[in-house]
Amino acid sequence: MAEPITAEPILEVRGLHKHYPLTQGILFKKQIGAVRAVDGVDLDLGAGETLGIVGESGCGKSTLAKMLVHLEKPTAGSIRYQGEDITQLSGRALKAVRRNIQMVFQDPYTSLNPRMTVGDIIGEPYEIHPEVAPKGSRRQKVQDLLDVVGLNPEYINRYPHQFSGGQRQRIGIARGLALQPEIIVADEPVSALDVSVQAQVINLLDKLQSEFRLSYVFIAHDLSIVRHISDRVGVMYLGRIVEIGTDEQIYEHPTHPYTQALLSAVPVPDPTAREHRERILLTGDVPSPANIPSGCRFRTRCRKAQERCALEVPLLAVPAVFRDTEGPADHDSACHFAEEIRVVSGEEGAGARATAP
């Protein structure tokens with residue numbers, strides 16, 4: 001984890017929504033509802049910072065990632081890069097911004113064109129942005145990028161099927177670096193890899209961040225990996241951020257019941273610590289994003305739910321009891337009954353028993 005260069009946000013997201021309409025009829029289609037994949041997300045990314053986004057499958061993490069790189073157009077909200085709302089851009093202006101915000105995809109087996117050589121895959125961005133590298137220098141630049149990500153530059157004429165999963169993901173990272181971006185959105189970049197290879201790729205991303213002064217939005221469902229690489233962590237549930245803070249605040253002092261449940265499910269290698277922690281089991285299934293519960297969307301599975309939770313939507317803010325104090329629980333949480341807790345950690349500091357102080 002590299003130290004953030006500055007606290008000034010390089011990317012600001014406000015009120016971001018992505019709704020997919022549900023229709024019925026063949027000739028005369030009528031909208032009967034919407035799938036609210038992302039439903040009001042606010043977040044900031046500082047220069048040189050890594051912001052981790054965690055949550056269950058289907059919570060909207062990948063949709064959020066696609067909107068950040070403008071692969072999906074938001075239904076509402078703004079994404080400001082260096083103060084400019086990129087959701088309002090098109091043509092050359094959008095093309096210029098896209099050069100500075102690149103993406104590393106989840107599956108290294110499907111994100112690389114099997115009919116293209118590694119040299120063509122990594123060099124393709126130069127065809128779209130020829131000002132970055134003149135034709136005569138592109139081959140050398142591609143070989144340099146292969147070397148940067150730990151691959152032999154002589155592999156430039158090989159095809160994706162000739163590489164392992166970890167090597168393919170390195171190729172995807174090299175492609176993301178080709179245009180010298182300031183921000184990389186990594187959508188579950190190690191979830192399809194073996195555990196031993198995951199560590200190598202995470203260490204590579206750490207090294208590249210320090211070397212190229214990159215900012216990361218790192219999306220994953222593995223809490224241990226997110227803690228290792230992130231400066232701050234946002235927890236998503238059903239299209240919204242329900243808690244956000246520094247890695248220490250989220251992992252050692254979570255104040256939202258959903259975050260507590262996620263941490264309690266993380267395996268702990270120390271048998272003694274494992275015996276002394278409470279396992280929080282969530283009941284029921286995740287509600288459909290097409291039929292979100294009223295009030296707090298987590299209330300149908302929450303052990304702390306009360307009548308108020310069905311009537312009022314909790315705001316993502318510092319709980320009132322902590323607003324005039326400074327401490328580890330002083331971070332944003334969307335829960336009416338957020339309370340300060342102490343986390344008894346295992347060897348890796350993840351997975352814990354939540355107890356009142």
Original post:
With sequence neighbours left out, what residues match E131 under side-chain contact (heavy atoms from CB on, under 4.5 Å)?
Top reply: R99, H129
Original post:
Residues two or more places apart in sequence or in another chain: which of them pass side-chain contact (heavy atoms from CB on, under 4.5 Å) with P289?
Top reply: V35
Taking the side chain from [X] and the backbone from [Y], do they hold a donor-acceptor pair closer than 3.5 Å?
X: Y126; Y: A178; value: yes
X: Y251; Y: L223; value: yes
X: R240; Y: G40; value: no
X: D42; Y: G15; value: yes

Original post:
Looking at E124 and R175, does any basic side-chain N land under 4.0 Å from a carboxylate oxygen?
Top reply: no
Original post:
Below 4.0 angstrom, N of the basic side chain to O of the carboxylate: do R138 and D120 qualify?
Top reply: no
Original post:
Taking atom types as modelled and ignoring hydrogens, do the side chains of Q140 and D144 form a donor-acceptor contact shorter than 3.5 angstrom?
Top reply: yes
Original post:
Parallel, tilted or perpendicular for Y237 and F298, by the 30°/60° rule?
Top reply: perpendicular
Original post:
So do the side chains of L112 and V118 get within less than 4.5 Å of each other, counting heavy atoms only?
Top reply: no
Subject >> ring-ring contact (aromatic ring centres under 6.0 Å, His included) contacts touching residues 147-198 (sequence neighbours left out) >> reply: Y155-F163
**OP:** Enumerate the residue pairs fulfilling ring-ring contact (aromatic ring centres under 6.0 Å, His included) with a member in residues 81-124, sequence neighbours excluded, ordered by first and then second residue.
**Re:** none
I'd like a table of donor-acceptor pairs (distance under 3.5 Å, sequence neighbours excluded) in which one partner is a side-chain atom from residues 21-32, with atom names and distances.
residue: Q31; atom: NE2; partner: G33; partner atom: O; Å: 3.1

Subject >> Inter- and intrachain pairs under side-chain hydrogen bond (donor to acceptor under 3.5 Å, both in side chains), touching residues 62-79, at least two apart >> reply: Y20-E72, S62-D187
